[in-house]
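Contents: one structure, followed by commentary.
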Amino acid sequence: MTDIPKSHPRYASLVARERVAEGVKRGYTSIQGLIAQGRGECFDYLLGERTTPSAAAAIRAAAALLLLARRPAISVNGNVAALVPEEMVALAQALDIPLEVNLFHRSEERVKRIAALLREKGAKDVLGEQPDISLPGLDHARALATRGGIYDADVVLIPLEDGDRCEALLAMGKRVIAIDLNPLSRTAKKATVSIVDNILRAVPQLTEQVRQLSSKPRSDLERMLNEYDNEKSLAQAAQDIREHLSSQFQQA
Ligand code: ATP
């Protein structure tokens with residue numbers, strides 16, 4: 001990878017960009033993944049590259065939802081694998097569930113490489129290499145899923161996902177947690193809980209919240225979830241962007 005000095009003001013963002021580029025070179029990430037990363041970077045810039053208080057509240061609600069789930073599942077795509085492979089393994093371990101490789105631009109080779117990467121990072125159980133069922137309402141390659149994983153889950157975490165698959169999962173009666181820096185995306189608007197934050201910052205905090213909340217009674221978790229309102233949270237993200245922009249241009 002290119003050597004980026006830690007003192008560079010855009011260090012974190014440049015490292016993320018390098019990781020996704022490396023993901024393409026190593027065959028985890030599709031070429032389209034570079035564009036998705038660029039869109040995410042842009043929204044991160046507008047948000048001030050920080051976890052806002054409303055994103056932190058969404059992370060807590062997401063942790064509560066994962067802990068309340070009868071059968072939670074986690075989807076991993078090429079950008080997720082390039083950016084946070086160890087962190088996703090840690091989250092799956094904290095919940096004691098498998099990770100499922102699920103690709104928008106599916107190729108068997110990429111699925112295999114991502115699964116191997118996750119195993120190399122310590123994942124015990126990785127699904128997705130032998131899909132055995134299709135999600136209704138999606139075309140063939142994008143519909144592929146695995147019994148015992150996303151297909152049978154009641155709650156699914158879909159970081160950096162497109163709107164169609166989010167909708168298809170909701171139509172099956174599942175509750176969905178999105179991680180998406182774009183508060184305007186169809187995924188963010190439709191999801192049960194949308195974490196408007198960079199996946200690099202969000203996943204470690206989500207794992208930490210899962211660990212902290214795991215000893216709480218279900219009634220506390222239910223209360224936390226009931227207090228969460230996704231529409232309000234997205235409106236707050238839009239407000240956070242406005243405020244950040246005004247703070248940069250005092251005369252605005
Ligand atoms: P939709 O179909 O939901 O309207 P879209 O067409 O924007 O969404 P994609 O481009 O498939 O969907 O999804 C990528 C999404 O992931 C984008 O909204 C982008 O902002 C977001 N994203 C990209 N990189 C990151 C990141 N590092 N952290 C969080 N979100 C990210």
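Numbering of ligands and ligand atoms starts at 1, following listing order. Along the sequence shown, residues are numbered consecutively beginning with 1. When reading the values below, keep in mind they use all heavy atoms of this one structure, side chains included, and skip hydrogens, waters and symmetry mates.
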Problem set entry | Intermediate values then yes/no, side-chain hydrogen bond (donor to acceptor under 3.5 Å, both in side chains), Q239 and E243 | CA-CA 6 Å; Q239 181 62 20; E243 282 170 16; 2.9 Å; yes
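- Among protein heavy atoms, the minimum distance from atom 4 (O) of ligand 1 is reached at R186 N, 2.9 Å.
- Regarding atom 27 (N) of ligand 1, its nearest protein heavy-atom neighbour is N198 OD1, 3.1 Å.
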Exercise. Can E129 and R119 be said to form a salt bridge (Lys or Arg N to Asp or Glu O under 4.0 Å), step by step?
Worked result: CA-CA 13 Å; E129 288 162 294; R119 290 192 184 103; 2.8 Å; yes
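- Protein heavy atom nearest atom 14 (C) of ligand 1, with residue, atom name and distance: A36 CB, 3.9 Å.
- For ligand 1, the atoms lying closer than 4.0 Å to a non-hydrogen atom of N182 are 18 (O), 20 (O).
- For the pair D162 and ligand 1, the shortest N or O to N or O distance does not fall below 3.5 Å.
- The two atoms that bring S75 and E161 nearest to each other are OG-OE2, 4.2 Å, heavy atoms only.
- Heavy-atom neighbours of D96 CG from other residues, nucleotides or ligands within 6.0 Å: at or below the threshold of 12.
- Of the candidates L160, V20, N79, D44, it is L160 that places a heavy atom closest to atom 25 (C) of ligand 1.
- Remark: of the listed residues T192, L169, I158, L169 is the sole one forming a side chain to side chain contact (heavy atoms under 4.5 Å, CB included) with K174.
- Looking at L213, L67, L65 one by one, the single match for side chain to side chain contact (heavy atoms under 4.5 Å, CB included) with M224 turns out to be L213.
- There is a protein heavy atom closer than 4.0 angstrom to atom 11 (O) of ligand 1.
- Of the polar atoms of A188, none of the N or O atoms is found under 3.5 Å from an N or O of ligand 1, judged by distance alone.
- For R10 and Y45, the positive end sits near the middle of the six-membered ring, less than 6.0 Å away and at most 45° from its axis.
- Taking every heavy atom of both residues into account, Y151 and L135 meet most closely at CD1-CD2, 3.9 Å.
- Residue Q248 qualifies as enclosed at atom CD: its count of foreign heavy atoms under 6.0 Å is above 12.
- The shortest contact between atom 30 (N) of ligand 1 and any protein heavy atom is with L181 N, 3.2 Å.
- Atoms of ligand 1 found under 4.0 Å from any heavy atom of L83, numbered from 1 in the order shown, are 27 (N).
- In terms of protein heavy-atom proximity, atom 18 (O) of ligand 1 is nearest to D180 OD1, 2.8 Å.
- The shortest contact between atom 8 (O) of ligand 1 and any protein heavy atom is with S185 CB, 3.9 Å.
- For the pair K112 and E108, the salt-bridge criterion is not met [side-chain N within less than 4.0 Å of a carboxylate O].
- Here's the thing with G163: one of its N/O atoms is less than 3.5 angstrom from an N/O atom of ligand 1.
- When each atom of ligand 1 is checked for a heavy atom of D197 under 4.0 Å away, the hits are 28 (N), 29 (C).
- Near T187, with a cut-off below 4.0 Å to any heavy atom, the atoms of ligand 1 are 1 (P), 3 (O).
- At under 3.5 Å, a nitrogen or oxygen of I199, whether backbone or side chain, sits near a nitrogen or oxygen of ligand 1.
- Near G40, the atoms of ligand 1 lying under 4.0 angstrom from a non-hydrogen atom of the residue are 19 (C), 20 (O), 22 (N), 23 (C), 24 (N).
- Protein heavy atom at the shortest distance from atom 7 (O) of ligand 1 is R39 NH1, 2.2 Å.
- In terms of protein heavy-atom proximity, atom 13 (O) of ligand 1 is nearest to E161 O, 3.9 Å.
- Ion pairing of D154 with R175 is absent here, as no side-chain N (NZ or NE/NH1/NH2) approaches a carboxylate O to less than 4.0 Å.
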